[in-house]
Amino acid sequence: MKITKAVIPAAGLGTRVLPASKAIPKEMLPIVDKPAIQYIVEEAVASGITDILIITNRGKDAMEEHFDYAHELEALMRRKGRDELADELHAIAGLAHIYFIRQKDTKGLGHAVLQARSFVGNEPFAVLYGDDVIKSKTPVTAQLISAFERTGKATVGVKAVSLQDIHKYCSLKVEPTDTDGIMRVSDMVEKPTDEQIMSPYAILGRCLLTPEIFDCIERAGVGTGGEIQLTDAMALMARESGMTAVEFEGKRYDMGNKLGMMKAQVEFALQHKEIAEEFKDYLKEIVKGL
């Protein structure tokens, strides 16, 4: 089955990047000249996704505006002779069929994904976390789709995390398979204590799930932090039906974290076609004074 649907949970309050996110959704904070959410949508589209549901919350209307046409602004750019920029603005609204739904109560990531049940129907679907921008040669979502096509199992994108940081994420129980680059997942735990760590592998921002996940979310109930955790539901799925993991190629930037935001700004600017060379020169001067 061709995978064409993706869900982007983007309902978080952005408390780790306050005060920047007080009035502007953290997903709309820019990386050079594009908001973070656009990079995530572009990854999904580059992976063959045609229909995207973005889970939002109160005060996040700016995301809907961004993925709509801005005819007046486009016309202004054309009058100024900036046709290339006008074309770029127009293309944003046509990236995919993009829909929005509100998570009216912020009860956790699992609860947010549960809002997508009608949108998903009986199809497998990708989940791209709204905080995570990942730069890679092959889109990470495409890497997961490839693994799913080989195994038929729900698949998560993972990286090895330091033992000092694994407590902030989840820890997976994994073992190798006969399929190159794919690991079998039989259990996982959210924000583990030292005694609960199963491996250094943690899910970092990308999953490919089957509709079975919705029943698992409902059965898992409230977990760590008094929220409905997606990890708890995936743990049920892993124990009962099996799941796979791919250590994906790519570098992740946590856009819900101030340091992650700044790393993304610098590294994307160094590759930006308009400012890369001048920015390199600027950094060289800055480094001299460190």
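Only a predicted model underlies this, so the values are computations on that prediction, with no experimental measurement involved.
For Ala276, there are no side chain to side chain contact (heavy atoms under 4.5 Å, CB included) partners, not counting sequence neighbours. Considering only residues two or more places apart in sequence or on other chains, Glu240 meets the side chain to side chain contact (heavy atoms under 4.5 Å, CB included) condition with Arg219, Leu236. Shown here are the salt bridge (charged side-chain N to carboxylate O under 4.0 Å, His left out) partners of Asp187, two or more places apart in sequence or in another chain: Arg239. With sequence neighbours left out, the side chain to side chain contact (heavy atoms under 4.5 Å, CB included) criterion links Glu218 to Leu114, Arg117, Asp215.
Linking ILVMFWY side-chain heavy atoms closer than 4.5 Å, directly or via other members, places Leu204 and Leu230 in two distinct hydrophobic clusters. Note: the hydrophobic cluster containing Val140 does not contain Met234 (ILVMFWY, side chain heavy atoms under 4.5 Å, direct or indirect links). Using a 4.5 Å cut-off between side-chain heavy atoms of Ile, Leu, Val, Met, Phe, Trp and Tyr, with links allowed through other members, Leu29 and Met63 fall into the same hydrophobic cluster. Ile145 and Met243 are members of different hydrophobic clusters when ILVMFWY side chains are connected at heavy-atom separations under 4.5 Å. If you chain together hydrophobic residues whose side chains sit under 4.5 Å apart, Leu208 and Val127 never meet in one group.
Using a distance-only test at 3.5 Å, with no hydrogens or angles considered, a donor-acceptor pair links the side chain of Lys159 to the main chain of Phe248. A donor-acceptor pair is defined here as one N or O able to donate and one able to accept, closer than 3.5 Å; such a pair exists between the side chain of Gln265 and the backbone of Val32. Within the 3.5 Å criterion, the main-chain N or O of Met198 finds a donor-acceptor partner in the side chain of Ser171. No donor-acceptor pair under 3.5 Å is formed between the side chain of Glu285 and the backbone N or O of Asp281. Looking only at distances, no side-chain donor or acceptor of Gln38 sits under 3.5 Å from a matching main-chain atom of Ile92. Not a single donor-acceptor pair under 3.5 Å links the side chain of Thr155 to the backbone N or O of Ala245. When atom types are taken as modelled, the side chain of Asp105 and the backbone of Lys107 share no donor-acceptor pair closer than 3.5 angstrom. Using a distance-only test at 3.5 Å, with no hydrogens or angles considered, no donor-acceptor pair links the side chain of Lys173 to the main chain of Val189. Side chain of Gln103 to main chain of Leu109: no donor-acceptor pair is present (N/O by atom type, distance under 3.5 Å, no hydrogens or angles). Judged by distance alone, with hydrogens and angles left aside, the side-chain atoms of Thr138 form no donor-acceptor pair with the main-chain N or O of Gln143 at under 3.5 Å.
In plain terms, the two heavy atoms of Pro211 and Val120 that are nearest each other are CG-CG1, 4.4 Å. Contact detail for Ala36 and Val133: the closest heavy-atom pair is O-CG2, 3.8 Å. Considering every non-hydrogen atom in both Val185 and Val174, the closest pair reads CG2-CG1, 4.0 Å. Closest of all the heavy-atom pairs between Ile8 and Gly130 is CG2-CA, 4.1 Å. Across every non-hydrogen atom of Cys207 and Tyr129, the tightest pair is SG-OH, 3.5 Å. Met183 and Val158 make their closest contact through CE-CG2, 3.8 Å (heavy atoms, listed as atom of the first residue, atom of the second, distance).
Sequence neighbours left out, the pairs with a member in residues 79-89 that pass side-chain hydrogen bond (donor to acceptor under 3.5 Å, both in side chains) are Arg78-Asp87. Pairs of residues two or more places apart, or lying in two chains, that qualify as side-chain hydrogen bond (donor to acceptor under 3.5 Å, both in side chains) and include a residue from residues 20-37 are Lys26-Asp131, Glu27-Lys60, Asp33-His272, Lys34-Glu42.
Taking NZ of Lys5 as the reference point, atom NE2 of His97 lies at 12.0 Å (rounded to 0.5 Å). Of the inter-residue distances, the one linking Phe125 atom CZ with Thr4 atom OG1 reads 12.0 Å to the nearest 0.5 angstrom. One finds the CG atom of Asp51 at 10.0 Å from the CD1 atom of Ile98 (value rounded to the nearest 0.5 Å). Note: Leu95 CG to Thr50 OG1 = 12.5 Å, rounded to the nearest 0.5 Å. The NZ atom of Lys104 lies 8.0 Å from the CD1 atom of Ile101; values are rounded to the nearest 0.5 Å. Distance CD/Gln229 to CD/Glu227: 5.5 Å, rounded to 0.5 Å.
The aromatic rings of Tyr69 and His71 lie parallel to each other, with less than 30° between the two planes, well short of the 60° mark. Ring geometry, Tyr39 versus Phe268: the interplanar angle exceeds 60°, so the pair is classed perpendicular (tilted spans 30 to 60°).
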Inset, instruction - Could you walk me through whether His66 and Met28 pass the side chain to side chain contact (heavy atoms under 4.5 Å, CB included) test, one step at a time? - result: CA-CA 9 Å; His66 182 71; Met28 287 300 295; 3.7 Å; yes

Legend entry - Pair Lys280-Leu270, side chain to side chain contact (heavy atoms under 4.5 Å, CB included): steps then yes or no: CA-CA 6 Å; Lys280 286 177 188 176; Leu270 286 170; 3.5 Å; yes

Inset, instruction - Take Val17 and Met255 through the side chain to side chain contact (heavy atoms under 4.5 Å, CB included) test and state the conclusion after the steps. - result: CA-CA 9 Å; Val17 293; Met255 297 304 295; over 6 Å; no

Inset, instruction - Report the C-alpha separation of Val113 and Phe214 in whole Å, then their side-chain angles, then the decisive distance to 0.1 Å, and conclude whether the side chain to side chain contact (heavy atoms under 4.5 Å, CB included) test is met. - result: CA-CA 8 Å; Val113 171; Phe214 299 116; 4.1 Å; yes

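Under the 4.5 Å side-chain criterion, counting only non-hydrogen atoms from C-beta, Val266 is in contact with Phe279. A 4.5 Å side-chain heavy-atom check between Val156 and Leu172 finds at least one atom pair inside the cut-off.
With 3.5 Å as the limit, one finds a donor-acceptor pair spanning the side chains of Glu43 and Thr141.
By the neighbour-count criterion of 12 heavy atoms within 6.0 Å, atom NZ of Lys263 is sparsely surrounded, having that number or fewer from other residues, nucleotides or ligands. Atom CD of Glu278 sits in a sparse spot, with 12 or fewer heavy atoms from other residues, nucleotides or ligands closer than 6.0 Å. Within a 6.0 Å sphere centred on CG of Asp194, other residues, nucleotides and ligands contribute more than 12 heavy atoms. In the displayed structure, Tyr282 atom OH is contacted under 6.0 Å by at most 12 heavy atoms of other residues, nucleotides or ligands.
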